[in-house]
Trainee: 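Handing you this structure, nothing more for now.
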Amino acid sequence: MADVLVTGAGGVLGNALVQALEAEGTDFVAVASRRDCNLEDFSDTLKLFESCRPKQVYHLAGAVYGVGGNMAYPGDIFRRNTLINCNVVEAARAVGATRFLGMGTVAMYADGLPMPLREDDVLSGQPHSSERFYAFAKRGLLMQLESYRLQYGMDYVMALSTNLYGPGDRFDPEHGHVIPSLIHKFVQSRNKEPVSVWGDGSPTRDFLYSRDAADGLLLLMKSGSGVYNLASGRSITIRTLVETLAGLVPEATYAWDADKPLGQLRRAYDIGRLSELGFVARTELKDGLSETLNWYHENLGRVRS
């Protein structure tokens, strides 16, 4: 028996959340990977839930591929995420979980909406083509949670996560997210060929450090209801990100590849709803990048890629 279950505990946000729960003295079970439980298989998922019968569920698990992977594996992304989400929500209902936190993504928002993006628009329009299959799987999770609230009374909150980064990330140079991918490339390219960076640096993004994101999840589990943007509330250009990172890895050089796609050009999020609960993103970008770089150096032999 456990009060709390965390899926996706092996990811960048899961690592930070586990540390935060430990600091609070919470009794929890952490599912870090498929070795702990194959969430794509309902019988395995139900056995896990029946063994610990949690009252609260933080559902962070998912199949995440990054921009390059989104284009290469659209079928895998939609199928795997839909299976995982359906199985976890149904298993939570079956054992009587009373609070469910689902991890969504700001990719669920359509391109071309007024900025900053607000939670009421999360189902409006079509998601951007570069992330649409992942986004529709996450929209399906939101609809499943809302339908379970209406039919079964299962209380839920859903966090629409911006670009997260931090220790324990997946440093995949080909299919990873922008910050861990760039960290890997910059460190490995020291005094070698320049790192090729997609686009021209003009798109804007909101980056949130994993420790701040975990604090946001704790707030949401305690006090939230419905849908919330989980973001820093500050947008920066990709050029600023790259220049900041280059300043921390001075031996590395880079070059823009303007022939590669830019993705969505502008992203900004209204975090007023989350701020009302007391949330503040405390970590500045340079500090978060520095801490992530230090962790990467200290764990070179066991980083995920």
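Note that this is a predicted model, so its numbers are computed, not measured.
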Trainee: Please walk me through it: do Ile84 and Thr7 pass side chain to side chain contact (heavy atoms under 4.5 Å, CB included)?
Mentor: CA-CA 10 Å; Ile84 290 168; Thr7 73; over 6 Å; no
Trainee: With side chain to side chain contact (heavy atoms under 4.5 Å, CB included) as the criterion, how do Arg80 and Glu40 come out once you've worked through the C-alpha distance, each side chain's angles and the decisive distance to 0.1 Å?
Mentor: CA-CA 7 Å; Arg80 294 184 64 200; Glu40 294 176 45; 2.8 Å; yes
Trainee: Within this structure, what is the CG-CD distance for the pair Asn85 and Glu90, rounded to the nearest 0.5 Å?
Mentor: 13.0 Å
Trainee: Cluster question for you: counting only ILVMFWY and a side-chain heavy-atom cut-off of under 4.5 Å, with indirect links fine, are Phe100 and Val122 together?
Mentor: yes
Trainee: Checking the side chain of Ser181 only, and the main-chain atoms of Val178 only, is there a donor and an acceptor separated by less than 3.5 Å?
Mentor: no
Trainee: For residues Phe279 and Leu21: do they belong to one hydrophobic cluster (side chain heavy atoms under 4.5 Å, members Ile, Leu, Val, Met, Phe, Trp, Tyr)?
Mentor: yes
Trainee: Between Arg267 and Tyr109, is any pair of side-chain heavy atoms under 4.5 Å apart?
Mentor: yes
Trainee: Which pair of heavy atoms, one from Ala97 and one from Val57, lies closest together, and at what distance?
Mentor: CB-CG2, 4.1 Å
Trainee: Between Asp44 and Asn87, is any pair of side-chain heavy atoms under 4.5 Å apart?
Mentor: no
Trainee: Would you say Met221 and Leu13 are hydrophobically clustered, going by side-chain heavy atoms of ILVMFWY under 4.5 Å?
Mentor: yes
Trainee: Among residues two or more places apart or on two chains, list those pairs meeting ring pair (Phe, Tyr, Trp, His ring centres under 6.0 Å) that have a residue in residues 201-243.
Mentor: Tyr165-Tyr209
Trainee: Do Leu60 and Leu219 sit in the same hydrophobic cluster, where Ile, Leu, Val, Met, Phe, Trp and Tyr count as joined when their side-chain heavy atoms come under 4.5 Å apart?
Mentor: yes
Trainee: Measure the OG1-CG distance between Thr244 and Leu285 for me, rounded to the nearest 0.5 Å.
Mentor: 5.5 Å
Trainee: For the pair Glu146 and Arg149, find out whether any cationic side-chain nitrogen is under 4.0 Å from an anionic carboxylate oxygen.
Mentor: yes
Trainee: Could you check whether His177 and Asn163, counting side-chain N and O atoms only, form a donor-acceptor pair closer than 3.5 Å?
Mentor: no
Trainee: Hey, what do you get for CZ (Arg211) to CG (Leu17), rounding to the nearest 0.5 Å?
Mentor: 14.0 Å
Trainee: Does any non-hydrogen side-chain atom of Phe28 lie less than 4.5 Å from one of Val18?
Mentor: yes
Trainee: Return each pair, listed once, that meets ring pair (Phe, Tyr, Trp, His ring centres under 6.0 Å) where at least one residue sits in residues 132-160; pairs must be two or more places apart or across chains.
Mentor: Tyr148-Tyr152
Trainee: Is any side-chain heavy atom of Leu220 less than 4.5 Å from a side-chain heavy atom of Leu274?
Mentor: yes
Trainee: Verify the distance criterion only: is there a donor paired with an acceptor across the side chains of Asp212 and Thr283 at less than 3.5 Å?
Mentor: yes
Trainee: Is any side-chain heavy atom of Lys138 closer than 4.5 Å to a side-chain heavy atom of Met108?
Mentor: yes
Trainee: Could you grab the distance from atom OG1 of Thr105 to atom CG of Asn81, nearest 0.5 Å is fine?
Mentor: 10.0 Å
Trainee: Ion pair present between Arg273 and Asp120, side-chain N to carboxylate O less than 4.0 angstrom?
Mentor: yes
Trainee: Ignoring hydrogens and angles, tell me if any N or O in the side chain of Asn229 forms a donor-acceptor pair with the backbone of Ala231 under 3.5 Å.
Mentor: no
Trainee: Nearest 0.5 Å, please: how far is CZ in Arg234 from CD1 in Ile271?
Mentor: 8.0 Å
Trainee: One pair to check against side-chain hydrogen bond (donor to acceptor under 3.5 Å, both in side chains): His184 and Tyr296. What are the steps and the verdict?
Mentor: CA-CA 8 Å; His184 175 89; Tyr296 180 85; 2.9 Å; yes
Trainee: Report yes if the side chains of Thr292 and Asp169 come closer than 4.5 Å at any heavy-atom pair, otherwise no.
Mentor: no
